[in-house]
Structure formats: structure tokens, C-alpha cells
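See structure below.
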Amino acid sequence: MEYCKISEALRKKEGEEVKIRGWIYRKRSSGKIAFIVVRDSTGIIQTIVEKKNVSSEEFKNARKALIESSVEIEGTIHEDERAPGGREIHVKKFNVVGFAKEFPITEYQSVEFLLDNRHLWLRSRKLTEVMKLKAKVLRLIRQWFDENDFYEVTPSVITTNAAEGGATAFEFDYFGQKAYLSQTAQMYLEALIFSLERVWSLTPSFRAEKSRTRKHLTEYWHLEAEEAWVDNEGNMKIQEELISHVCQNVVKIARSELEFLGRDIESLKQIEPPFKRIKYKDAIKKLQEKGFDIKWGDDFGAPHERALVEGEEKPIFITHFPVEAKAFYMKIAPDGKTVECADMLAPEGYGELIGGSERSEDIDSMIARLRQQGAKIENYEWYFDLRRYGSVPHSGFGLGLERLIMWLAKLDHIRDATPFPRMLRRAYP
RNA sequence: GCCGGCGUAGCUUAGCGGUGGAGCACCCGGCUGUUAACCGGGCGGUCGCCGGUUCGAAUCCGGCCGCCGGCGCCA
């Protein structure tokens, strides 16, 4: 007999024989009977080991095996209202593959202890559901790009460009020269559009900011796209279609995960283009009306972002930030004061999901802005070459994958959107 | 970087100047179609580290280390 998954076993009929394998999730036992709940990647099922139905060796092991021991079980399916899930297995063969030591994670635990034991905590229902959700979201993202003429590309994560604007990079020794862990693949993607036209990539990005918030990781998965012949408005269309595709379909293929995590399905279903577009200057006005002490030129903090999406059910775009507030590579708008950019803010205060812009083709303006930041111009010569050899209007954007997962899964901290979170004070395990 | 909080048994914690107690987990025994099972017993602590005050410090004071939350920076 082949092993079947627990989710399959739960669909079998009364009296059917099954073989399952997995890990002990919960157990209760006495001198004559043991109730052993087993989990695998698909679910949990209760199994009943009765002394009279198995060898004395097997019964002894069933009583002895602690939570998280790995087991192989053979038995008969029985419908029973008392069992979680309505079905259970009456055990005929009970084999312990690996006895577990006393599992450190029990009922109530501190955040610190759970993070120290992250490698074990990953077995929890919650993190399992988040990881499944993340895999399915990635499947949908890939699907959307495939269907919309994008090529997936694999840019490098090691770079000698100290990279964009204000962000701080992790520096390391690269055979005697200074190198950095990439903060964005953007410039590499820009190089690739001249052959592939529409490209996207998923890479780790690193930020050495000493941020202490529930929205920041030092290492995160960065989803970036770059499109030839696309302006800022076209860029926003691509973004809202991508996000809508994910929302519309994730409720179909990850319904149980979302429900377990407490995400309201209906709120995701209604997310479809177009998303509201608000100009920076109007956002400032709106914030002033709400009583914030903010003026033209200021960047938005967390409270501002929360206020701007208040009452919004879909993500919104904030466009046309002041030139000074944004990176050197963004195209300057006709007004000369703002750039052709858009930040997508998630509803419910989950913050910036996407940052995107139309890219500048004016080498002089980019050099002037780089100088202002004190950057080394010679590092960017290759980048300027892209403008010298058949430049085209183009745009692109970057999405923090864990931010998206955090919003979709209604997580209260971004660390749970990734299996081994890297943060200011944590790189272990 | 700034502000605030917390470090006592494997875990969650009470004690806040006079020889450290409980719940969970684990072990032993009993018992049960159990559901966070239950009942009885047992094991388990350099009270984060260093120094000071005191007859006496988990408790008061100083320094250090670790972690958490918020703000800032940033995606």
C-alpha cells in the first residue's frame, strides 16, 4: 500500500485501509489506549492506538513517543464526530521513525524564545500557512508576468555600485576591493530591457539601515520589473494589474490559508484596477487638513502613510514626489519640480508595497543630482551608456515581497513573512 | 540613532531587604473515546553578567550584555 497524504486520508470512506506518515502533533494516552494526532504538510488527523490491536512493542512506543516524533502509521478509516476533522484512523501498525526529544516549544511562549527557536517554530500551523501562501503568491506573480510578455532574468546580487540615494549598503571585501550586497537590481534590469524589452526578477535585497520597525528586514525578497516603451502611467497600470491578479486569484488557490490567518476574503476579491492616484502635493494638502504638521518637501512617515490610506479598500498610488525626495534616476516631470514616480501604499496601514518610476534619459540631470548626493560619478558610467546607445522611454518598479505577504496574511510583523528573518538584532538561526 | 520596557527552573511567571514559590513540559504510578484530558508523586534554579551599599541582596545603586515595542532612517 502506498502512503497517502493526511488531506486524502480525511476524504476516504469508512473502513478503508490507509498508510500515512508524519509527525506527532498532540497526544494523550493511558494504559490501554493512546490518542495520537499526526500532522503532515497537508493537515492533521487523529489516530487511535489500542493495546489490543497492536504488538506490545508498538503500544509501548506509541506511549513513549513525544510530540514531534516522526511516525509511519497503517490502519482503518472511521468516521467519528469526536475526532477533529470527523475522521480518524484505527491503528494496526505503528512505527516510530525518529523519536523526538522533549520539544521546547509548548503552549505560551515569548517572542524572544520563538525567534531563538525559529528553526523549530517553522513547524507551527501559522508559519506553515504563511509559507504556503507565499509560495502560491509567487506562483501567481510568475503566471502574470508570463502571460504579459515579461522575461524572468537573474541579475547579480554582488555589486560595486554603492547604490541608490539614501539607503545604506552592506559592504564586504571582494578579493581586495570594496563590494556591496545589492539593494536593488534595477540598474541591471535597465540594461536587460534593450534586448528583452520587458523583464522581471526576484532577488534578495539587503539594507543596512538600523531600522527598528515591524515593516523592515535587513534581507528581503525584492520583486522588480523594468519595461521599455512604458511611461509612468503605463507603469502604474502594470502594477495595479499585477497586484489585482494576485488578489483575485489568491482567494481561489489559497482560501484556507487566508482564512486561517484571519484575512477577509471579500476584501481581497474586490481589488481590481484602477487604483486611486493622488499627487504628492494633494497628499500633503490632505494631511494638513487632517492636522499634520507637514509641508512640501517632507517625506511621509509611518503615521502619514496610515492617514493617507484611511478608509481606502484598495491600494493607492502617491505620484509626483519632489525631485529632492527621490532617487537620481527618476525622470523629472514637465513642471521641473517633481518626478514621474509612484509609490503604491497598501490599505490598512501596511505601508509602501511598491516604489516605481519612469527613468530619466537625461545624463546631465542625473549627474547633477548624483553630485548633490556626493556620489562618485565614474561608478555610473556603464549606466549612462544605456542612454548613449539607443535610449528609449522606460519605467520600472520594485515590490517588497514580504510586505505584500504581510498585508495579504494580515501579519502584525514582517518577520513572519519569511522563514529566517534577518533583522537589526537577529541573524540566528 | 533616540525614547520606553523586560531578563527568576526547559518554557510562562509570582516574589521586590531576612534561607526562592506556582503552572506547563518531562519522568514514575493510576485511570479515561481522549480533545489545552484528569488524579497522585518526582526531577528541575550560580534569580542575565560584573561591581557597590548592607549584619544580610533575586529584591536597593552603578556599569555592561541580551532581547522586545515605538519613533527616525528606509522597501
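Model, not experiment: these values are computed from the prediction. Chain A is the first sequence line, chain B the second, and so forth, proteins listed ahead of strands; every chain is numbered from 1.
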Among B:C73, B:G1, B:A25, the one nearest A:Glu209 by side-chain distance:
B:C73
Whole angstrom value for the distance that separates P of B:C73 from NZ of A:Lys210:
17 Å
Would you say the side-chain atoms of A:His394 and A:Glu190 include a donor-acceptor pair closer than 3.5 Å?
yes
Separation of B:G33 atom P from A:Arg87 atom CZ, nearest Å, is 24 Å
Would you indicate which nucleotide in B:U34, B:G72, B:A75 comes nearest to any side-chain atom of A:Arg212?
B:G72
Answer yes if the ring centres of A:Tyr380 and A:Phe328 are under 6.0 angstrom apart, and no otherwise.
yes
Using the rule given for ring pair (Phe, Tyr, Trp, His ring centres under 6.0 Å), can you reason through A:Phe300 versus A:Tyr280, listing the C-alpha separation, both sets of side-chain angles and the distance that settles it, and then say yes or no?
CA-CA 10 Å; A:Phe300 301 133; A:Tyr280 170 88; 5.5 Å; yes
Grab the CD1-C1' distance between A:Ile36 and B:A37 for me, whole Å please.
14 Å
Going through the checks in order, is the salt bridge (Lys or Arg N to Asp or Glu O under 4.0 Å) test met by A:Lys93 and A:Glu58?
CA-CA 7 Å; A:Lys93 280 188 189 160; A:Glu58 285 173 299; over 6 Å; no
Residue whose closest nucleotide on RNA chain B lies nearer the 5' end, A:His413 versus A:Leu353:
A:His413
Please confirm whether any donor atom in the side chain of A:Thr106 sits under 3.5 Å from an acceptor in the base of B:C11, or the reverse.
no
Short heteroatom pairs, N/O only, protein and nucleotides 64-67 of chain B, under 3.5 Å:
| unit_1 | atom_1 | unit_2 | atom_2 | d |
| --- | --- | --- | --- | --- |
| B:C67 | OP1 | A:Arg425 | O | 2.7 |
| B:C67 | O3' | A:Arg426 | NH2 | 3.4 |
| B:C67 | O2' | A:Glu112 | OE1 | 3.3 |

When you compare B:U13 with B:G52, how far apart are their P atoms, in angstrom units rounded to a whole number?
32 Å
Judged by modelled atom types alone, do A:Arg207 and A:Ser205 share a side-chain donor-acceptor pair under 3.5 Å?
no
Considering only heavy side-chain atoms of A:Arg214, the closest of B:U12, B:G70, B:G72 is B:G70
How is A:His78 classified with respect to the nucleic acid when contacts are heavy atoms under 4.0 Å: base, sugar-phosphate, or nothing?
nothing
As a test of reading the structure: which of B:C31, B:U34, B:C71 is closest to the side chain of A:Arg63, going by heavy atoms?
B:C31
Looking only at the side chain of A:Gln109 (C-beta and beyond, no hydrogens), which of the listed nucleotides B:G33, B:C73, B:C11 gets closest?
B:C11
Scan A:Leu66 against the nucleic acid and name what it touches under 4.0 Å (heavy atoms): base, sugar-phosphate only, or nothing.
sugar-phosphate
Polar side chain donor-acceptor pair, A:Thr106 to A:Gln109, under 3.5 angstrom:
yes
For A:Asp343, answer base if it contacts any base atom (sugar-phosphate contacts may also be present), sugar-phosphate if it contacts only those atoms, and nothing otherwise; contact means non-hydrogen atoms under 4.0 Å.
nothing
Check the distance between B:A75's P and A:Glu219's CD and give it to me in whole angstrom.
17 Å
Looking across every strand, which nucleic acid part, if any, lies under 4.0 Å from A:Glu402 by heavy atom: base, sugar-phosphate, or nothing?
nothing
Picking from B:G10, B:G33, B:A75, which would you name as closest to the side chain of A:Leu217?
B:A75
Are A:Tyr220 and the base of B:A75 stacked, counting only ring centres nearer than 5.5 Å and planes tilted under 30°?
yes
The side chain of A:Arg415 is closest to which nucleotide in this list: B:G33, B:G69, B:A75?
B:G69
Quickly work out the A:Leu424 CG to B:C2 C1' distance and round it to whole Å.
13 Å
Does the ring of A:Tyr25 carry A:Arg39 above it, NZ/CZ under 6.0 angstrom from centre and within 45° of its axis?
no
Would you mind classifying the nucleic acid contact of A:Gly301 as base, sugar-phosphate or nothing, using non-hydrogen atoms under 4.0 angstrom?
sugar-phosphate
Under 4.0 Å, counting only non-hydrogen atoms across every strand here, what does A:Ala302 touch: a base, just sugar-phosphate, or nothing?
sugar-phosphate
